[in-house]
Amino acid sequence: MRRLHLFIHPAGLAMCLGLLPVLSAAQNVPMKIEIPADAIRLEGIPKVRIDEGETRATRRVLRPAEAAKERLVVRMRDGEFFWETREDRPLKLNLSGDFTYLSTDPGHYIRLSRVGDKLTYVEHVEMDSRSVTWRGELTIVLGKKP
């Protein structure tokens, strides 16, 4: 009598059990970011810009020169956050689920998260009947506070 041995790769087993989407998503699940006490600045370089109006939305990948002009800078002073690249507006820190938010007026916020080994951000600004959203990578600058 011959025996047949089947060797199933773990990914194949996960696919057979319908778990592959769950396993692959688990590696890219956003996690909230805790900003260290010795952070002095948050810096972001956008990769994508999304412009939305009442009837149309456009998404475009930014070239390095454009990204440098549209970068994000948030400064920390005396335990408070200031949106330097938006007229130095004061920001409120909020934690919600898997995200860390810095916000000012309604419709103006920065959402921070960690995806895998990268820190990412979404910067969103609403104006009249349109909005602009930038998505990019974030760096937390540590140092001595003045």
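Closest of all the heavy-atom pairs between N94 and S103 is ND2-OG, 3.5 Å. Pairing each heavy atom of G143 with each of I40, the nearest pair is O-CG2, 3.5 Å. Here the closest non-hydrogen pair linking A67 and I45 is CB-CG2, 3.9 Å.
For R111 and F99, the positive end sits near the middle of the six-membered ring, less than 6.0 Å away and at most 45° from its axis.
The side chain to side chain contact (heavy atoms under 4.5 Å, CB included) search around E137 returns K47, K118, not counting sequence neighbours. Every residue was checked against the side chain to side chain contact (heavy atoms under 4.5 Å, CB included) condition with E34, not counting sequence neighbours, and none meets it. R41 meets the salt bridge (Lys or Arg N to Asp or Glu O under 4.0 Å) test with E43; sequence neighbours excluded. Listed by chain and number, the residues in a side chain to side chain donor-acceptor pair (under 3.5 Å) with R89 are E87 (sequence neighbours excluded). With sequence neighbours excluded, the residues satisfying side chain to side chain contact (heavy atoms under 4.5 Å, CB included) with L95 are K32, T100. Judged as a salt bridge (Lys or Arg N to Asp or Glu O under 4.0 Å), and not counting sequence neighbours, R130 has no contacts. Evaluation of the side chain to side chain contact (heavy atoms under 4.5 Å, CB included) rule for L91 yields V74, F81, W83, L102, T104, I110 as partners, not counting sequence neighbours.
Here the CZ atom belonging to R114 is positioned 6.0 Å from the CD1 atom belonging to I33, to the nearest 0.5 angstrom. The CG atom of L42 lies 5.5 Å from the CG atom of L138; values are rounded to the nearest 0.5 Å.
Within the structure, the ring pair (Phe, Tyr, Trp, His ring centres under 6.0 Å) test picks out the following pairs touching residues 119-139 (sequence neighbours left out): Y109-H124.
In the hydrophobic clustering of ILVMFWY residues, with side-chain heavy atoms under 4.5 Å counting as a link, L112 and V132 come out together. Linking Ile, Leu, Val, Met, Phe, Trp and Tyr residues whenever their side-chain heavy atoms come within less than 4.5 Å places L72 and L119 in a single cluster. Under a hydrophobic clustering in which Ile, Leu, Val, Met, Phe, Trp and Tyr are joined whenever their side-chain heavy atoms come within less than 4.5 Å, directly or via other members, L93 and F82 fall into different clusters.
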For R77 and D88, what are the C-alpha separation, side-chain angles and deciding distance, and is it a salt bridge (Lys or Arg N to Asp or Glu O under 4.0 Å)? CA-CA 11 Å; R77 288 191 302 258; D88 221 24; 3.2 Å; yes
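Within a 6.0 Å sphere centred on CG of D105, heavy atoms belonging to other residues, nucleotides or ligands number more than 12. A 6.0 Å sphere centred on CZ of R86 holds more than 12 heavy atoms belonging to other residues, nucleotides or ligands.
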Determine all donor-acceptor pairs shorter than 3.5 Å in which one atom belongs to a side chain in residues 48-65; sequence neighbours excluded.
unit_1 : atom_1 : unit_2 : atom_2 : d
R49    : NE     : D51    : OD1    : 3.2
R49    : NE     : D51    : OD2    : 2.9
R49    : NH1    : E70    : OE1    : 3.1
R49    : NH1    : E70    : OE2    : 3.3
R49    : NH2    : D51    : OD1    : 2.9
R60    : NH1    : E66    : OE2    : 2.6

